[in-house]
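Since the structure comes first, as structure tokens, the remarks are kept for the end.
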Number of protein chains: 2
Amino acid sequence: MRLVIARCSVDYSGRLNAHLPLATRLIILKADGSVLIHSDSLSYKPLNWMSPPCSVAIEVPEEDAASVGVEEQWRVTHAKTGDTLLVRIYEVIHDSAHDLGVDPGLQKDGVEKHLQELLAEHPATLAEGLTLVRREFPTAIGPVDLMCRDAAGLSVAVEIKRRGDIDGVEQLTRYLELLNRDPALTRKGAVTGIFAAQEIKPQARVLATDRGIACAVVDYDALRGLDDPSHRLF
Amino acid sequence: MRLVIARCSVDYSGRLNAHLPLATRLIILKADGSVLIHSDSLSYKPLNWMSPPCSVAIEVPEEDAASVGVEEQWRVTHAKTGDTLLVRIYEVIHDSAHDLGVDPGLQKDGVEKHLQELLAEHPATLAEGLTLVRREFPTAIGPVDLMCRDAAGLSVAVEIKRRGDIDGVEQLTRYLELLNRDPALTRKGAVTGIFAAQEIKPQARVLATDRGIACAVVDYDALRGLDDPSHRLF
DNA sequence: CATTCGATGTCGTCT
DNA sequence: AGACGACGTCGAATG
């Protein structure tokens with residue numbers, strides 16, 4: 001990894017055109033060839049970047065560029081899309097290279113997959129007497145997160161989201177529409193739906209209710225408490 | 001901006017829990033207080049980070065941490081959500097600080113808004129004889145990108161996307177459902193829809209067709225060619 | 001290889 | 001502040 005602090009201007013040309021006027025910035029050149037341009041604020045996201053696979057070519061600045069003080073010019077080109085990032089260096093303030101080695105990677109806990117696992121183990125927290133039939137129940141338009149059966153023996157499709165948005169309700173609606181055409185599932189009565197999320201947006205709740213879909217706000221920590229603590233990662 | 005290359009382990013606790021085992025990484029401390037942890041690959045996105053507003057506290061490592069070689073311990077806490085990032089430093093390899101000043105910011109050109117402007121000027125490229133009634137036609141559930149009239153004088157709602165996904169079809173469907181309840185618009189006949197995008201995904205096309213919504217693939221460059229070249233930014 | 005879908009999405013914009 | 005859509009979304013999993 002090479003770190004360069006420099007006064008520079010940057011032009012990106014690809015899915016859109018973008019220009020960064022002359023200013024002092026951090027330029028990161030990673031081992032995989034990728035390039036990141038960071039300013040001192042506006043965190044997380046670089047101002048400009050190029051993802052791998054890409055290559056960096058050192059160019060001789062055009063005459064007019066050189067005349068206004070461009071010392072170096074790097075052209076970063078994406079190998080597949082042809083997107084380019086043109087970095088014009090006016091003054092290098094810092095330049096250092098470091099060998100970081102391979103990173104062992106990030107371990108995560110608490111994403112939607114875990115929520116699904118926990119709810120699959122404790123379906124009754126969604127509705128009294130609900131039991132699991134199967135997780136990732138396959139349909140022609142994708143898998144239903146949880147297929148359950150209620151106390152009366154009727155099929156219940158559960159869609160799980162971390163954040164319950166209008167999109168999730170639309171998704172569950174499409175599943176229910178399809179499932180209710182299946183005679184095997186609807187023998188005893190219509191398949192109903194439960195929209196389960198850690199947080200449900202008001203508009204999503206209104207739409208779900210309007211369509212006869214139940215909403216369930218899920219308490220992740222409480223669910224985890226129900227689970228065997230020895231299974232926790234942290 | 002402070003740049004630290006160090007052997008470190010990191011733990012994030014907030015919307016989820018995440019752990020980074022001991023390895024050599026780049027730690028960026030920005031002027032606004034934000035912190036970014038980068039490895040030498042997996043570009044663009046940091047492995048771990050904290051967005052502003054947040055504060056960094058230097059802690060004395062716990063005894064057991066110190067005994068395994070932790071020299072410094074930084075706790076970054078988000079001011080609002082309380083999310084924390086705990087960085088344990090085992091060895092500092094590089095440490096430098098730089099004054100970058102304020103960045104003038106990024107200038108962008110050429111996204112969906114531009115596409116909408118171009119199509120508003122050339123609605124006939126979507127369908128023979130189509131004319132614009134108004135852009136951003138207001139409805140109770142949000143503005144319709146373009147409201148047009150076809151050769152027969154019937155109302156046509158146009159939804160514009162850069163990438164035509166299933167979500168866009170759902171959105172247009174909701175608009176059409178609402179618009180078709182308006183007597184003023186449906187006097188001559190039902191309001192129809194056109195789903196316009198630079199690229200339309202197969203599933204979206206199927207859904208749109210199934211609902212009687214026309215699809216139009218838009219050629220951005222050709223449209224720009226129709227436009228006055230002197231209006232271009234680049 | 002293409003496609004789909006989640007994300008500590010992030011970011012702008014408007015109510 | 002909350003809601004909503006766009007994003008150079010990115011990135012992983014999957015067929």
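Every chain is numbered from 1, with letters handed out A, B, ... down the list of sequences. Heavy-atom basis, side chains included; hydrogens, waters and symmetry copies ignored. Because the structure is predicted, anything quoted here is derived from the model rather than measured.
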- Message: Closest-nucleotide mapping onto DNA chain C: is B:Ala204 or A:Leu106 further toward the 5' terminus? I mean the 5' end.
- Response: B:Ala204

- Message: Any non-hydrogen side-chain atom of B:Ile200 less than 4.5 Å from a side-chain atom of B:Phe195?
- Response: yes

- Please give, in whole Å, the distance from D:dA3 C1' to A:Arg205 CZ? 16 Å

- Task: Go through the steps to decide whether A:Arg88 and A:Cys8 satisfy the test side chain to side chain contact (heavy atoms under 4.5 Å, CB included), and finish with yes or no.
- Result: CA-CA 5 Å; A:Arg88 291 197 172 92; A:Cys8 62; 5.9 Å; no

- Query: Between D:dG8, C:dG6, D:dG5, which one does the side chain of A:Gln171 approach most closely?
  - Reply: C:dG6

- Task: Return the value, rounded to whole Å, for the distance between atom NZ of A:Lys161 and atom P of C:dA7.
- Result: 8 Å

- Query: What are the two closest non-hydrogen atoms of B:Leu20 and B:Asn48, and how far apart are they?
  - Reply: CD1-ND2, 3.8 Å

- Note on the structure: 5'-most contact on DNA chain D (nearest-nucleotide basis), A:Ile166 vs B:Lys80, goes to B:Lys80

- Message: Just so I know, are the side chains of B:Leu47 and B:Val10 near enough to count as touching, which here means a heavy-atom distance under 4.5 Å?
- Response: no

Write out a two-atom table: protein N or O, nucleotide N or O from nucleotides 11-14 of chain D, distance below 3.5 Å.
| from | atom 1 | to | atom 2 | distance (Å) |
| --- | --- | --- | --- | --- |
| D:dG11 | OP1 | B:Ser43 | O | 2.6 |

- Message: Would you say that B:Gln73 contacts B:Ile58 through its side chain, given a criterion of any heavy-atom pair below 4.5 Å between the two side chains?
- Response: no

- Item | For B:Leu207, all residues meeting side chain to side chain contact (heavy atoms under 4.5 Å, CB included), sequence neighbours excluded | B:Ile166, B:Val169, B:Glu170, B:Arg211

- Query: Of the options A:Glu112, A:Gln171, A:Glu199, which is the one that meets A:Lys161 in a side chain to side chain donor-acceptor pair (under 3.5 Å)?
  - Reply: A:Gln171

- Which part of the nucleic acid, if any, lies within contact of A:Asn48, taking any heavy atom under 4.0 Å across all strands shown: a base, the sugar-phosphate backbone alone, or nothing? base

- Item | For atom CG of A:Asp109 and atom P of C:dG6, their distance in whole Å | 19 Å

- Task: Take atom C1' in D:dG8 and the same atom in C:dC14, then report the distance between them in whole Å.
- Result: 24 Å

- Here DNA chain D, pairs taken as Watson-Crick or G-U under 3.5 Å and shown with ( ), [ ] when crossing and | when to another strand, reads |||||||.|||||||

- Message: Measure CD1/B:Ile200 against C1'/C:dA2 and give the value in whole Å, please.
- Response: 18 Å

- Taking the side chain as every heavy atom from C-beta outward, state whether A:Phe137 and A:Leu179 have any pair of such atoms under 4.5 Å apart. yes

- Note on the structure: To the nearest angstrom, the CD-C1' distance between B:Glu199 and D:dC7 comes to 14 Å

- Whole-Å distance, A:Tyr12 OH to D:dC7 C1', equals 12 Å

- Query: So, do B:Lys30 and B:Val35 sit near enough that their side-chain heavy atoms are less than 4.5 Å apart?
  - Reply: no

- How close or far is atom P of C:dT8 from atom CG of B:Leu36, stated in whole angstroms? 15 Å

- Item | C:dT8 phosphate, OP1 or OP2, under 4.0 Å from A:Lys108 side-chain N/O | yes

- Separation of B:Glu159 atom CD from D:dG5 atom C1', in whole Å? 10 Å

- Message: Taking only side-chain N and O atoms of B:Lys201, does any of them lie within less than 4.0 angstrom of OP1 or OP2 on C:dT3?
- Response: no

- Task: Would you kindly compare A:Gly14 and A:Asp167 by the position of their nearest DNA chain D nucleotide and give the one closer to the 5′ end?
- Result: A:Asp167

- Query: Which nucleotide sits closest to the side chain of A:Trp49: C:dT10, D:dG8, D:dG5?
  - Reply: D:dG8

- Message: Mind checking if A:Lys113 touches a base, just sugar-phosphate, or nothing, with heavy atoms under 4.0 Å?
- Response: nothing

- Do A:Arg75 and A:Leu85 touch side chain to side chain, with heavy atoms closer than 4.5 Å? no

- Note on the structure: Out of C:dT10, D:dA6, D:dC10, minimum distance to the side chain of A:Arg15 belongs to D:dC10

